[in-house]
Amino acid sequence: MDLEYRPQEIERKWKEVWRTTGVHKAHGHTNKPKYYCLDMFPYPSGNGLHVGHWRGYTISDVWSRYKRLLGYEILHPMGWDAFGLPAENYAIQNGIHPRVATEKNIANFKRQLEEIGAMYDWDREVNTTDPDYYRWTQYFFVKMFERGLAYRKKMPINWCPSCKTGLANEEVVDGRCDRCGAEVTKREMYQWMLKITAYADRLLDDLDKLDWPEHVKRMQRAWIGRSEGARIRFKVDGSTDEIEVFSTRPDTIYGATYMVLAPEHPLVQSITTEDRQADVERYVEESLRKSNIERQVVDKTKTGVFTGAYVKHPLVDRKLPVWVADYVLMDYGTGAIMAVPAHDERDFEFAKQFGLDIIPVVQPEDGEAEELYTGDGRMINSESLNGLGVEEAKREAVKLLSATGQAEATVNYRLRDWVFARQRYWGEPIPIVHCDMCGPVAVPEDQLPVTLPEVERYEPTGTGESPLAAIESFVNTTCPKCGGPAKRETDTMPQWAGSCWYFLRYADPHNHEAPFSQEAIHYWLPVDMYIGGVEHAVLHLLYSRFYVKFIHDLGLIQFDEPFQRLFTQGMITLNGAKMSKSKGNVVNPDDIIATYGVDALRMYEMFVGPPEDEAEWNTNGLEGVARFLGRTFRLVAGHAAHPVPGRDSLHKLRHRFVATLTERMESFRFNTSVSAFMEYVNALSNEAKQGLDPDTLETLTIAISPFAPHLGEELWSLLGHKESVFEAAWPTYDETWLKDDEVEIAIQINGRVRGKLVVAADISEADAIALAKRAPDIQEWVQGKEIVKELYVKGRLVNIVVKG
RNA sequence: GCCGGGGUGGCGGAAUCGGCAGACGCAGCAGACUUAAAAUCUGCCGGGCCAAAAGCCCGUACGGGUUCAAGUCCCGUCCUCGGCACCA
């Protein structure tokens with residue numbers, strides 16, 4: 001018997017076996033329960049995968065294989081989110097068509113993913129750039145258009161001057177482009193928008209039914225940003241204009257002492273008095289010139305100018321001056337506020353700066369009213385509201401104002417509609433035709449897909465027009481409605497479009513009649529476990545939820561949430577930093593595999609730390625795991641040919657191991673799961689001299705297979721099995737073996753351990769204490785002392801409290 | 001600023017129902033095997049007092065508290081990571 005562990009040989013052999021037997025294919029209809037375990041599909045970059053990417057893929061593969069051993073029919077697919085800027089930019093720089101570069105990258109990614117030994121069913125591979133796929137991406141857009149959820153609007157949007165395209169709000173981080181880091185500017189453009197705000201409440205409420213990490217749900221809740229309040233209208237003095245504001249504190253209406261309009265507010269022009277014109281114009285111009293970043297600096301001093309105009313207070317005979325200030329943002333609420341400096345920090349600062357009135361209207365229940373007070377309390381200086389609590393006063397104030405039609409209760413969201421157009425080449429063409437007679441018309445479903453034309457140049461124009469606009473043969477077409485001459489929409493969809501529904505396509509990837517069949521979608525969906533990076537918490541994960549709710553409303557699916565359970569794995573760092581090619585701190589899995597084998601890499605990815613936490617890559621740790629696999633191989637291989645009958649010590653170890661491991665697997669604690677293997681193998685090493693029984697050898701082999709599938713198969717065949725180890729069942733345990741007859745307990749004096757004692761596991765409290773008090777070790781601690789208290793914690797310890 | 005997570009040996013991390021802190025791994029030290037090395041195997045491995053062992057004392061960011069008993073619960077402080085950031 002050759003007891004040398006040669007991972008490369010074993011791994012090559014079993015990969016070949018898996019390819020020929022097709023053991024990883026998902027079968028649509030069996031009598032097993034289904035389980036859909038999904039990875040966030042990657043963007044196939046030119047850099048390939050590093051060990052950081054592999055962590056998530058390894059977790060999902062271990063989980064899929066574990067679930068399979070538990071008897072589930074598994075869907076574990078993989079595909080490519082292959083539209084996007086990097087391929088396009090690379091194409092421009094090197095004169096290679098993005099499709100060619102993308103195909104090459106996909107081939108490399110696929111090779112690497114096959115290397116992991118993951119049980120992907122490659123028959124179901126999905127590629128967002130495949131016209132057979134994006135036909136359906138366009139189909140869903142058409143459906144949205146038909147229902148008024150996709151609309152075109154001229155508005156100032158976020159523009160990345162470096163990527164030369166518009167961006168969604170979600171893609172702007174700290175005023176910078178999420179992708180390239182360039183400072184984002186505003187640009188007034190016609191844009192295709194998706195009305196995600198129509199789903200705001202459902203997107204918010206349904207978070208409650210998801211088994212997702214709390215912090216991800218929290219991020220989505222914050223992003224949607226629901227806040228209840230009121231819209232209140234103020235009449236401009238000496239004019240028919242009204243200024244509408246949104247306020248979450250209508251209770252403080254009597255404390256409003258001035259109004260503020262955002263510099264972009266449409267009323268600024270018309271209400272400004274002649275003598276104030278020059279100042280206001282200058283201020284507005286300056287504000288608009290400032291970048292988002294400058295305007296977002298919080299601790300800067302407040303700036304603003306008086307417009308010369310006043311509004312009438314809706315409830316009392318008082319005039320409030322109207323100011324323009326950039327601390328009010330045009331794209332939240334109505335772009336105008338009523339300022340209550342006594343109870344709002346920002347208004348207070350502004351009022352102090354410009355010497356405006358401050359009228360307190362809320363008094364804290366106990367103690368003095370401070371100049372600025374934002375807490376709860378009782379209303380004062382508020383006529384009929386006086387004496388009410390804040391919550392009650394909010395309701396009363398709205399009632400009071402709405403009686404004269406000056407206000408109504410409303411809900412406001414931070415979430416904006418989704419800017420869905422990109423002025424770039426490498427994306428799904430938006431399937432719309434612009435007709436002078438009929439306006440924008442959707443391309444009929446039977447004419448989809450609108451395919452990307454072959455082009456010579458795909459440089460972005462930077463003018464706000466897509467490169468497609470220059471291709472006459474693409475642009476010029478006829479109107480599907482009236483048949484007259486018309487022009488195609490030349491913007492493309494953002495990269496998120498294809499990933500919003502790809503998980504549905506895996507259920508039925510080759511369907512030419514529909515995005516998926518009812519039968520397939522019914523069987524496999526929703527996704528039971530979704531694994532990926534937390535960076536998508538409010539982008540992909542919010543967009544996908546929106547799409548699924550929309551597709552649900554179309555009546556195509558019964559469920560309205562795509563991902564029942566979400567797991568976000570932590571990053572792998574090297575030298576404390578995220579791995580990236582530009583930082584030069586990338587560990588390439590290909591090198592690791594050549595030295596230690598892929599099973600060792602998989603095992604180490606699981607062992608490196610709690611899967612949800614960030615973890616530092618350490619080659620020494622990998623070596624330790626590789627050593628452990630070698631020990632395991634020698635242990636099982638060395639006893640496979642001549643097992644001995646089982647004995648109690650082996651039964652006990654085995655049942656305890658299975659109980660511990662299963663518990664840790666179920667709670668997704670893979671790092672301690674690996675520890676459980678190590679402890680078990682260490683214990684078995686001591687037992688090995690007396691031989692090992694078949695149950696022990698098989699249990700260890702089956703259990704380790706999800707982690708080290710090649711090793712698992714090899715050992716399983718050494719144990720004489722002809723079929724795959726993944727046809728076996730996850731081992732079970734018997735409670736009776738978890739109990740000890742005798743246990744060692746600690747004897748504590750005043751809470752400190754002073755001795756040990758072996759007692760029967762079911763010993764009574766009285767007996768345990770009596771035995772403890774007689775123990776020789778503790779005599780010196782109790783002699784001549786008064787015993788105040790005695791406790792026995794079952795199976796753990798006796799504590800004797802003494803005095804003196 | 002607001003919200004949330006987290007501070008444990010030389011290192012990664014165990015232990016979260018309050019019950020013997022440091023599982024497992026790495027690094028280190030000593031030994032076995034070997035002509036030798038690698039590989040493999042065995043033992044030790046938080047700090048202090050002590051020649052050593054036994055033993056005692058200290059020890060889970062810091063300061064208090066509750067409790068027979070606190071890494072774990074409560075109050076306060078510091079640090080760190082993540083999210084949001086003039087959202088009315």
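We name chains A, B, ... by the order of the sequence lines, and we start the count at 1 in each one.
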Exercise. Mind telling me whether B:rG9 is syn or anti, cutoff 90° either side of 0?
Worked result: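 Syn.
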For this session: Please confirm whether any donor atom in the side chain of A:Asn799 sits under 3.5 Å from an acceptor in the base of B:rC68, or the reverse.
Result: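 Yes.
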Problem set entry | A:Arg226/A:Asp201 salt bridge by N-O under 4.0 Å criterion |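 Salt bridge flag = yes for A:Arg226 with A:Asp201.
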Problem set entry | Sidechain N-carboxylate O distance under 4.0 Å for A:Asp740, A:Arg656 |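 So A:Asp740 pairs with A:Arg656 through a salt bridge.
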For this session: Sequence neighbours left out, what passes ring pair (Phe, Tyr, Trp, His ring centres under 6.0 Å) with A:Tyr199? Give chain and number order.
Result: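 So A:Tyr199 forms a ring pair (Phe, Tyr, Trp, His ring centres under 6.0 Å) with A:Phe546.
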Exercise. What pairs with A:His655 under ring pair (Phe, Tyr, Trp, His ring centres under 6.0 Å), at least two apart in sequence or on another chain?
Worked result: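 Scan of A:His655 (ring pair (Phe, Tyr, Trp, His ring centres under 6.0 Å), adjacent residues dropped) gives A:Trp737.
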Just name whichever nucleotide pairs with [N], Watson-Crick or G-U, keeping both distances under 3.5 Å, else none.
| N | answer |
| --- | --- |
| B:rC73 | B:rG65 |
| B:rG6 | B:rC79 |
| B:rU40 | B:rA32 |
| B:rC45 | none |
| B:rA23 | none |
| B:rU60 | none |

Exercise. Can you name the residues that form a side chain to side chain contact (heavy atoms under 4.5 Å, CB included) with A:Ala222, not counting sequence neighbours?
Worked result: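 Here no residue qualifies.
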For this session: Could I get the full list of side chain to side chain contact (heavy atoms under 4.5 Å, CB included) partners for A:Ser227, not counting sequence neighbours?
Result: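 Only A:Phe246, A:Thr248, A:Tyr332, A:Asn412 meet the side chain to side chain contact (heavy atoms under 4.5 Å, CB included) criterion with A:Ser227.
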Exercise. Taking the side chain from A:Asp326 and the backbone from A:Gly304, do they hold a donor-acceptor pair closer than 3.5 Å?
Worked result: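 Absent.
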So what does [X] hit on the nucleic acid, given a heavy-atom distance under 4.0 Å: a base, only sugar-phosphate, or nothing?
| X | value |
| --- | --- |
| A:Val801 | sugar-phosphate |
| A:Glu214 | nothing |
| A:Asp331 | nothing |
| A:Val608 | sugar-phosphate |
| A:Trp617 | nothing |
| A:Arg416 | base |
| A:Arg218 | sugar-phosphate |
| A:Tyr413 | nothing |
| A:Gly333 | nothing |
| A:Glu345 | nothing |

Exercise. Who are the salt bridge (charged side-chain N to carboxylate O under 4.0 Å, His left out) partners of A:Arg231, not counting sequence neighbours?
Worked result: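 Partners of A:Arg231 under the salt bridge (charged side-chain N to carboxylate O under 4.0 Å, His left out) test: A:Glu244.
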Under 4.0 Å between a side-chain N/O of [X] and OP1 or OP2 of [N], yes or no?
| X | N | answer |
| --- | --- | --- |
| A:Arg752 | B:rC58 | yes |
| A:Arg627 | B:rA27 | yes |
| A:Asn671 | B:rA14 | yes |
| A:Arg754 | B:rC57 | yes |

Problem set entry | Nucleic acid contacts - residues 679-691 of chain A versus RNA chain B, non-hydrogen atoms under 4.0 Å |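 Heavy-atom contacts with RNA chain B come from A:Glu679, A:Asn682.
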Just how far, in rounded Å, is [atom2] of [N] from [atom1] of [X]?
| X | N | atom1 | atom2 | result |
| --- | --- | --- | --- | --- |
| A:His536 | B:rG83 | NE2 | P | 14 Å |
| A:Glu616 | B:rA27 | CD | C1' | 15 Å |
| A:Arg796 | B:rG18 | CZ | P | 12 Å |

Problem set entry | A:Phe668 and A:Phe567 aromatic ring geometry - parallel, tilted or perpendicular at 30°/60° bounds |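 Ring orientation, 0 to 90° scale: tilted.
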Exercise. From B:rC84, B:rA27, B:rC86, pick the nucleotide closest to the side chain of A:Asp326?
Worked result: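 For A:Asp326, the side-chain atoms sit closest to B:rC86.
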Exercise. Which one, B:rG19, B:rG83, B:rA27, comes nearest to the side chain of A:Met219?
Worked result: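 Within the option list, the nearest is B:rG83.
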